[in-house]
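Take a look at the structure below.
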Amino acid sequence: HTTASTSLPPSAMPPSAETLLLLSTLSNPAVTPHAQHTEALAARDRALAASAASYGQLCVNFARTLATINPATLPESEQSKLAQANSPALQALQVDPKGWVALRQMAGLLLKNALVAPPPADPDPNVARDGLGWPAGGYMQLSPECAAEIKPILLQCLAEGNANIRRVASTTISAASVSSESRRFRVVSLPLASWPELLPFLLRCIEAGLSATAGPDGDATAAAA
């Protein structure tokens, strides 16, 4: 997989220790007691539904986690918080490369779900709904600042060496950038119209892949000979 000519976006900011602790509790039920796992699910839902700011920040931190290749690269302040938490689930993941990739994948899938099926903007369960079942206040939306941070992170992950991370990033992009009549939530969190960098980046990725499979004379079939 070649990334040399794709003009990668800058590296992502690190995720918060709180988000990593939440994800580690969700990702490793074999290590985490059932009650803690259930509470982590509830905490995720509360954070997404609490306010537009809370929704956006959790989405951003999911994206940052997706882009974090190695937990050792986290800043000292976050490493200290993680150490103080003394989480067996997270400690297991930090020394298990496959487990860390799985945590990153889960962060990407949670991001996709939050973007495609966001909670109502008004958390009141009795809020009025229209004929299609949409709440009167609509659904949570990313602020322009949060969207501007998430987009380059997804592009960065599209060009990563790990195929599982690339797959999650591509799934998230396709789900969050195009509307679908078949979806219950017709929400487009990262519309193509406001993402001019996406298609050129995808074309550069395709061109880089073709160059990698071509022989010295530029003939792609030479590489398979």
**Prompt:** When rounded to the nearest 0.5 angstrom, what is the spacing between CG in L198 and OG in S174?
**Reply:** 10.0 Å
**Fill in**
Only residue of R167, R104, R166 satisfying salt bridge (Lys or Arg N to Asp or Glu O under 4.0 Å) with E160 is R104
Side-chain donor-acceptor pairs of residues 38-45 under 3.5 Å, sequence neighbours excluded:
residue, atom, partner, partner atom, Å
T38, OG1, H34, O, 3.0
T38, OG1, H34, NE2, 3.4
E39, OE2, R46, NH2, 2.6

**Complete:** Separation between CD (Q156) and CG (L66), nearest 0.5 Å, reads 9.0 Å
**Asked** Would the number of heavy atoms belonging to other residues, nucleotides or ligands and lying under 6.0 Å from CE of M106 be above 12?
**Response** yes
**Message:** Do L21 and L111 sit in one hydrophobic cluster, given that two such residues count as connected whenever their side-chain heavy atoms are within less than 4.5 Å of each other, even indirectly?
**Reply:** yes
**Asked** Among side-chain atoms of S24 and S27, is any donor-acceptor pair under 3.5 angstrom?
**Response** no
**Prompt:** Under the 3.5 angstrom rule, does the side chain of K151 hit a backbone N or O of S194 as a donor-acceptor pair?
**Reply:** yes
**Message:** Within a 6.0 Å radius of atom CD on E78, are there more than 12 heavy atoms belonging to other residues, nucleotides or ligands?
**Reply:** yes
**Asked** Taking S54 for the side chain and A47 for the main chain, is one N or O donor matched with an acceptor at less than 3.5 Å?
**Response** yes
**Item:** Non-hydrogen atoms of T171 and K112 that approach each other most closely
**Value:** CG2-CD, 3.6 Å
**Message:** Between L190 and L202, is there shared hydrophobic-cluster membership here, with clusters defined by ILVMFWY side-chain heavy atoms closer than 4.5 Å?
**Reply:** yes
**Prompt:** Cluster question for you: counting only ILVMFWY and a side-chain heavy-atom cut-off of under 4.5 Å, with indirect links fine, are V60 and I69 together?
**Reply:** no
**hydrophobic_cluster_shared for L103 and M13, side chain cutoff 4.5 Å** = no
**Item:** Exercise: identify the closest heavy-atom pair between L115 and A176
**Value:** CD1-CB, 3.9 Å
**Prompt:** If you measure from OG1 on T65 to CG on L20, what distance do you get to the nearest 0.5 Å?
**Reply:** 5.0 Å
**Request:** Look only at the side chain of Y55 and the backbone of A121, and say whether a donor-acceptor pair between them is shorter than 3.5 Å.
**Result:** no
**Item:** Atom pair CD1 (I150) and CD1 (I173), whose distance is rounded to the nearest 0.5 Å
**Value:** 11.5 Å
**Message:** Could you see if V95 belongs to whatever hydrophobic cluster contains L82? Use Ile, Leu, Val, Met, Phe, Trp, Tyr and a side-chain cutoff under 4.5 Å.
**Reply:** no
**Fill in**
dist L110:CG -> T172:OG1 (nearest 0.5 Å) comes out at 10.0 Å
**Asked** Is the side chain of T68 donor-acceptor paired with the backbone N or O of R64 at a distance under 3.5 Å, no angle test?
**Response** yes
**Prompt:** Between E76 and S80, does any side-chain donor sit less than 3.5 Å from a side-chain acceptor?
**Reply:** no
**Prompt:** At what distance, to the nearest 0.5 angstrom, does CG of L58 lie from CE of M140?
**Reply:** 11.5 Å
**Message:** Can you give me the closest heavy-atom contact between F62 and L23, atom names plus distance?
**Reply:** CE2-CD2, 3.8 Å
**Prompt:** What's the shortest heavy-atom distance between L142 and G56, and which atoms?
**Reply:** CD2-CA, 4.1 Å
**Fill in**
What one should report as the nearest heavy-atom pair of F201 and A159 is CZ-CB, 4.3 Å
**Message:** Could you check whether any side-chain N or O of N61 sits under 3.5 Å from a backbone N or O of S16, counting only pairs where one atom can act as donor and the other as acceptor?
**Reply:** yes
**Request:** Answer yes or no: is there a side-chain heavy-atom contact under 4.5 Å between Q57 and C146?
**Result:** yes
**Request:** Verify, without hydrogens or angle tests, whether Q79 (side chain) and P71 (backbone) share a donor-acceptor contact under 3.5 angstrom.
**Result:** yes
**Message:** According to side-chain hydrogen bond (donor to acceptor under 3.5 Å, both in side chains), who are the partners of S170, at least two apart in sequence or on a separate chain?
**Reply:** none
